[in-house]
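Proteins get letters first, then strands, A, B, ... in listed order; numbering begins at 1 in each. Every heavy atom of this structure was used, including side-chain atoms; hydrogens, water molecules and symmetry mates were not.
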There are 2 protein chains.
Amino acid sequence: MINIKITIKDVAKRAGVSISTVSRVINDSKPVSDEAKQRVLDAIKETGYRPNQLARGLVLRKSNIIGMIIPDIANPYYAAIVEGAEEIANMYGYTLLLCNTHGELDKEIEYLNLMADKQADGLVFMTGKLKSEHVDWFKNAEIKTCFINLYSRELDIPMVSIDNYNAVTEAINYLISNGHVKIGMLYAPDVDDLLQEERLRAYKEALKNHGHEFDEDVVSECRFSIESGYVKTKELLNNKKVDALLLTNDVAAIGAMKAATEMGYRVPEDISIMGFDDISFSAYYQPSLTSINQPTYDMGAVATRMVIKQIAGEQVEKMILLPHKLVERESTVKMSNNI
Amino acid sequence: MINIKITIKDVAKRAGVSISTVSRVINDSKPVSDEAKQRVLDAIKETGYRPNQLARGLVLRKSNIIGMIIPDIANPYYAAIVEGAEEIANMYGYTLLLCNTHGELDKEIEYLNLMADKQADGLVFMTGKLKSEHVDWFKNAEIKTCFINLYSRELDIPMVSIDNYNAVTEAINYLISNGHVKIGMLYAPDVDDLLQEERLRAYKEALKNHGHEFDEDVVSECRFSIESGYVKTKELLNNKKVDALLLTNDVAAIGAMKAATEMGYRVPEDISIMGFDDISFSAYYQPSLTSINQPTYDMGAVATRMVIKQIAGEQVEKMILLPHKLVERESTVKMSNNI
DNA sequence: CTGAAAGCGCTTACAG
DNA sequence: CTGAAAGCGCTTACAG
């Protein structure tokens with residue numbers, strides 16, 4: 001039984017001790033005689049007393065809240081990250097305050113201020129593109145933060161990500177080694193900020209290294225949604241024929257497969273389609289999607305752990321790049337099999 | 001600029017007024033002379049003062065926190081519900097405290113207690129099956145709550161859901177009207193509790209009403225995951241042949257389509273597969289999935305609104321059943337087309 | 001319109 | 001080992 005109406009005073013009175021003593025047994029902060037302790041414990045059990053975290057937070061200057069600000073919880077990529085974050089936060093006695101911004105700057109700043117107001121001890125922050133308003137905010141905020149997929153030279157905030165340059169390089173090399181020549185890419189330049197620039201750079205350089213020429217007609221932007229992948233793929237394929245198409249997120253890649261199929265392409269016989277992220281649906285799609293696996297759960301978990309370390313006053317790494325992995329499935333194929 | 005180190009005292013000193021006056025202009029709670037108000041506003045702007053919500057919450061007995069306890073944020077069904085909840089909570093000045101239980105009772109009770117400790121003003125609660133431990137907890141808790149997909153006769157807690165009996169009836173009638181005779185069902189008896197019982201009852205009665213006999217070999221349990229749908233479908237189809245298969249959630253239905261395809265069935269030519277929930281992926285799967293649409297976003301939004309109404313002391317409905325809708329797509333087909 | 005004081009429910013030096 | 005007191009940062013009667 002619990003009863004939040006009961007205060008430390010009630011417990012003290014019932015146990016016949018002072019509130020100081022009650023506090024000491026609750027927190028095990030100073031020695032208390034066995035007898036007094038027992039009486040306090042009994043009183044707590046009988047009354048259903050629970051310490052008020054608001055009051056405790058006020059004096060301790062600790063809310064045990066970690067904020068999580070992300071674009072969209074309904075996107076499985078973010079959902080997996082949140083899951084990892086929640087698990088670790090919980091493990092260390094923190095609670096996750098979830099904020100969905102839909103990538104709107106106003107909402108982001110509003111939520112950032114909210115974190116300050118709520119005295120959040122820490123923050124995991126994700127957004128599409130780090131803007132000057134974000135940087136300004138973080139410059140004079142003192143909240144312990146970890147970014148995911150965001151990097152700023154001006155800010156001394158650690159970040160967790162994968163090595164996007166290498167990941168895209170591997171993806172393109174893989175497609176090239178499968179015999180593809182005309183390789184298109186749909187990427188989201190306003191998502192993940194300079195990580196996407198890295199991805200574009202990796203794409204260009206991988207082509208170059210294999211003597212393939214860059215054709216801007218087969219590279220286009222696309223948002224982080226099934227719909228966008230669907231629409232943009234139709235646009236691209238209406239314009240030019242490609243052997244293979246890399247999407248920089250799986251959600252869009254699923255839209256792309258639908259689009260290609262509707263346009264009469266067989267995947268992978270007529271066109272190889274490759275994603276990025278490896279969300280859980282990708283393995284079950286038909287055809288199952290070749291993708292670059294991002295350790296999303298771990299990214300959320302590690303970022304949260306870094307926040308907690310900072311709260312504890314520990315030193316943390318400036319940047320952690322978690323391992324990615326190319327997962328080969330049915331949506332891509334070797335050209336030699338492809339008469 | 002914001003600075004959480006600044007307190008109301010600092011602002012008062014700078015503005016040359018008492019903290020009472022500062023409080024009054026912040027909250028617009030009592031008349032303050034224009035001149036004093038201006039000085040306070042200036043001081044706030046200059047210092048970057050933000051009221052400490054912990055302190056305010058302590059005296060007002062209001063945390064502006066709404067808890068959201070769900071099984072699994074990584075499941076898109078729950079993610080969509082959370083999205084609706086977050087939107088409404090935010091709109092009314094509340095913040096969502098997200099808790100992932102994986103359906104474990106211990107975690108659920110732990111989180112429930114946490115909500116009390118944090119002085120959460122309200123709570124949206126979901127779990128597979130309402131157990132006596134839950135009921136006991138809610139019986140002597142005073143937190144304003146709304147259930148989603150849960151019903152208890154013993155508790156006076158409102159709930160939001162859809163009419164599951166009618167939804168399944170429509171689904172089965174639809175399959176029967178398409179000419180299917182042997183219709184299997186995979187349902188999750190430990191999820192959504194008596195809602196699933198309703199679904200089973202609807203299934204049986206719909207068959208009966210059309211003179212079809214109930215065959216327990218083609219009805220089985222399955223969990224709320226892709227993997228489970230995949231495994232259970234293989235089991236079922238290895239045992240018996242069916243014309244059509246209804247899964248009571250889309251995630252499992254996607255696993256089922258994969259399983260059926262791997263076993264050499266063409267969907268829908270050899271077997272119609274139908275889901276339930278209509279998550280966003282279902283429209284893009286190949287073949288796209290016929291399903292019963294649940295208004296998940298609205299369910300989260302309405303449940304949260306009901307919590308907020310209760311906090312405001314308003315009367316709320318005991319039960320709100322939101323409209324569902326059968327969405328016909330490619331994974332089901334009329335038998336007549338099916339030579 | 002304004003301020004001093006009490007109080008929200010805790011923790012923690014301080015003195016014993 | 002124990003308690004009275006001060007204080008965390010606010011709000012709000014109360015008195016003027």
| message | Angle between ring planes, A:Phe138 versus A:Phe147, binned at 30° and 60°: parallel, tilted or perpendicular? | response |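 The arrangement is perpendicular - the two ring planes meet at more than 60°.
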| task | Describe the nucleic acid contact of A:Leu60 in one word from base, sugar-phosphate, nothing, applying a heavy-atom distance below 4.0 Å. | result |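 Sugar-phosphate, backbone atoms only, no base.
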| query | Counting any heavy atom closer than 4.0 Å, what does A:Ser23 reach on the DNA or RNA strands: base, sugar-phosphate only, or nothing? | reply |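 Base contact.
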| request: Report the C-alpha distance between B:Glu87 and A:Lys107 in whole Å, list the side-chain angles of each, state the deciding distance to 0.1 Å, and finish with yes or no for salt bridge (charged side-chain N to carboxylate O under 4.0 Å, His left out). | output: CA-CA 11 Å; B:Glu87 191 90 27; A:Lys107 268 202 161 179; 3.7 Å; yes
What is the distance, to the nearest angstrom, from the [atom1] atom on [X] to the [atom2] atom on [N]?
| X | N | atom1 | atom2 | result |
| --- | --- | --- | --- | --- |
| A:Lys118 | D:dG9 | NZ | P | 18 Å |
| A:Ile8 | C:dC8 | CD1 | P | 13 Å |
| A:Ile44 | C:dC10 | CD1 | C1' | 13 Å |
| A:Lys62 | D:dG9 | NZ | P | 17 Å |
| B:Asn27 | D:dG9 | CG | P | 17 Å |
| A:Lys5 | C:dG9 | NZ | P | 11 Å |
| B:Ile4 | D:dC10 | CD1 | C1' | 15 Å |
| B:Asp10 | D:dC10 | CG | C1' | 13 Å |

Could you check whether [Y] and [X], counting side-chain N and O atoms only, form a donor-acceptor pair closer than 3.5 Å?
| X | Y | value |
| --- | --- | --- |
| A:Lys5 | A:Tyr49 | no |
| A:Tyr94 | A:Lys62 | yes |
| A:Gln38 | A:Asp34 | no |
| B:Asn64 | B:Arg56 | no |
| A:Asn90 | A:Glu86 | no |

| field | Sub-4.0 Å heavy-atom contacts from residues 48-57 of chain A onto DNA chain C, ordered by number | value |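 Those residues whose heavy atoms fall under 4.0 Å from DNA chain C, taken from residues 48-57 of chain A in numerical order, are A:Tyr49, A:Arg50, A:Pro51, A:Asn52, A:Ala55, A:Arg56.
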| said: Less than 4.0 angstrom between a side-chain N/O of A:Arg61 and OP1 or OP2 of C:dT11, yes or no? | reply: no
| task | Could you work out the separation of D:dT12 and D:dG16 based on their C1' atoms and round it to a whole Å? | result |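 My reading of the C1' atoms in D:dT12 and D:dG16 gives 16 Å.
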| said: Both distances below 3.5 Å, Watson-Crick or wobble geometry, any strand: find the nucleotide opposite D:dC1. | reply: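 Partner of D:dC1: C:dG16.
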| request: Establish, yes or no, whether a centroid distance under 6.0 Å links the rings of B:Tyr78 and B:Phe224. | output: yes
Could you run down the sub-3.5 Å N/O contacts of the protein with nucleotides 1-5 of chain C?
| unit_1 | atom_1 | unit_2 | atom_2 | d |
| --- | --- | --- | --- | --- |
| C:dT2 | OP1 | B:Ser33 | OG | 2.8 |
| C:dT2 | OP2 | B:Ser33 | N | 2.9 |
| C:dT2 | OP2 | B:Ser33 | OG | 3.4 |
| C:dG3 | OP2 | B:Ser18 | N | 3.1 |
| C:dG3 | OP2 | B:Ser18 | OG | 3.1 |
| C:dG3 | OP2 | B:Thr21 | OG1 | 2.7 |
| C:dG3 | N7 | B:Arg24 | NH1 | 3.0 |
| C:dG3 | O6 | B:Arg24 | NH2 | 2.4 |
| C:dA4 | N6 | B:Ser20 | OG | 2.6 |

| task | Mind checking the CZ-CD1 spacing from A:Arg50 to A:Ile4? Nearest 0.5 Å is all I need. | result | 10.5 Å
